[in-house]
Amino acid sequence: MVGIVIVSHSEQIAEGIKTLAGQMAGANQKIIAAGGMTDGSIGTDAIRISEAVAAADSGDGVLVLVDLGSAIISTETAFELIEPEVAARVVIADAPIVEGAISAAVQASIGATLAEVKAAAEMAKAMQKL
Amino acid sequence: MSKTLFGMIQALQETISSQEAFLTELDGAIGDADHGINMNRGFEAVITKFTEEDTDIGASLKKLGMTLLSTVGGASGPLYGTAFMRAGAEAQGKETLTLEEAEVMLAAAIKGIQDRGKAVKGEKTMLDAMMPAQDALKQAVAEGLSVVEGLEKACAAANEGIEFTKTIRATKGRASYLGDRSIGHQDPGATSFTLMLETATKYLKA
Ligand SMILES: Nc1ncnc2c1ncn2[C@@H]1O[C@H](COP(=O)(O)OP(=O)(O)OP(=O)(O)O)[C@@H](O)[C@H]1O
Ligand SMILES: [Mg+2]
């Protein structure tokens with residue numbers, strides 16, 4: 001099953017999205033929150049993200065949802081810190097973090113491939129709200 | 001006073017600490033007012049991980065970079081973190097450096113920042129101080145200058161780079177949200193790089 005990692009500057013945002021998406025996807029879906037810094041500050045931490053990716057991976061790959069700015073730079077840095085074998089099956093979604101995470105988690109929970117989960121997340125970008 | 005790597009790292013930490021408010025104020029004008037706070041949090045963590053026993057420049061810069069990755073928090077964390085790690089990779093097992101080696105390390109640091117942040121010269125980032133500094137070092141190597149002379153030229157070039165950042169619009173990072181309103185302000189990252197370079201130069205000169 002494809003794992004999901006939520007990277008936000010804020011620990012509460014990442015945890016909140018994890019709860020929200022988990023409610024739709026069910027308890028078996030791996031969703032790991034990697035928000036904020038270990039001391040509670042706002043920010044992104046490449047090492048925390050690399051650990052989250054390792055925890056989310058069960059062999060079928062991991063999709064990472066990011067908020068903005070350094071979330072992307074720290075996530076790409078994290079990819080360099082994990083085993084190349086795992087890094088080869090981890091991708092960042094170009095998607096809004098809340099809607100993208102929900103779509104991705106639902107898709108992953110039904111056993112979709114990494115490419116399908118990524119496409120589901122990215123479709124959320126075009127979703128009209130009104 | 002004998003000069004050590006630990007002494008230099010302490011000097012860097014003292015500079016970042018004393019300039020924390022200034023760097024944060026610069027970031028307040030065009031960003032989210034955290035660059036000084038971020039850098040200071042990073043160097044406060046760094047200083048706890050070093051002692052006089054740390055003499056291998058390569059291994060030390062790698063450790064320094066890894067620490068910044070997980071403690072700075074903003075874009076400057078993975079960018080400086082990668083920069084120090086890439087520079088360290090060029091100095092494995094070395095306890096002293098020539099000017100030429102320093103230039104190679106700065107070039108590797110710049111490449112690391114570009115790999116990560118995908119910025120080029122003229123986007124109002126730390127690169128606008130780092131790239132002129134590297135050019136100056138290259139020229140100093142060609143002219144056969146001493147390490148301190150070469151670094152002084154690099155400091156002058158980096159300061160000109162800061163002045164240049166005042167004249168341009170930011171197209172990378174938080175400041176890019178401001179568009180033309182970023183013109184007239186100097187870039188916080190270009191400033192922190194220049195402060196670190198000046199500190200290292202003064203430390204070696206003293
Ligand atoms: N893509 C980039 N390439 C090179 N330097 C960059 C890039 N983005 C930002 N910077 C540098 O980082 C500095 C800002 O660092 P700071 O620690 O304040 O991070 P931040 O922008 O607040 O991060 P975040 O994206 O988490 O909000 C800028 O002044 C600039 O020099
Ligand atoms: Mg900032």
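Here is how names work: the chains are called A, B, and so on, in the same order as the sequence lines, proteins then strands, and each is numbered from 1. Quick caveat: nothing in here was measured; it's all calculated off a predicted structure.
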Original post:
With a 4.5 angstrom heavy-atom cut-off, which part of B:Thr71 approaches chain A: side chain, backbone, both or neither?
Top reply: backbone
Subject >> Toward chain A, the part of B:Thr82 with a non-hydrogen atom under 4.5 Å >> reply: side chain
**OP:** Tell me, for A:Ile72 versus chain B, whether the close heavy atoms (under 4.5 Å) come from the side chain, the backbone, both or neither.
**Re:** neither
Subject >> Under 4.5 Å from a heavy atom of chain B, the part of A:Ile49 involved >> reply: neither
**OP:** Considering only heavy atoms and a distance below 4.5 Å, find which of B:Arg116, B:Met66, B:Lys118 pairs most often with chain A.
**Re:** B:Arg116
**OP:** Could you tell me which of A:Asp39, A:Thr77, A:Leu81 has the largest number of non-hydrogen atom pairs under 4.5 Å with chain B?
**Re:** A:Thr77
Quick one: do [X] and [Y] make a salt bridge, cutoff under 4.0 Å?
X: B:Lys49; Y: B:Glu44; result: no
X: A:Lys30; Y: A:Asp57; result: no
X: A:Glu99; Y: A:Lys125; result: no
X: B:Lys124; Y: B:Asp187; result: no
X: B:Lys94; Y: B:Asp56; result: no

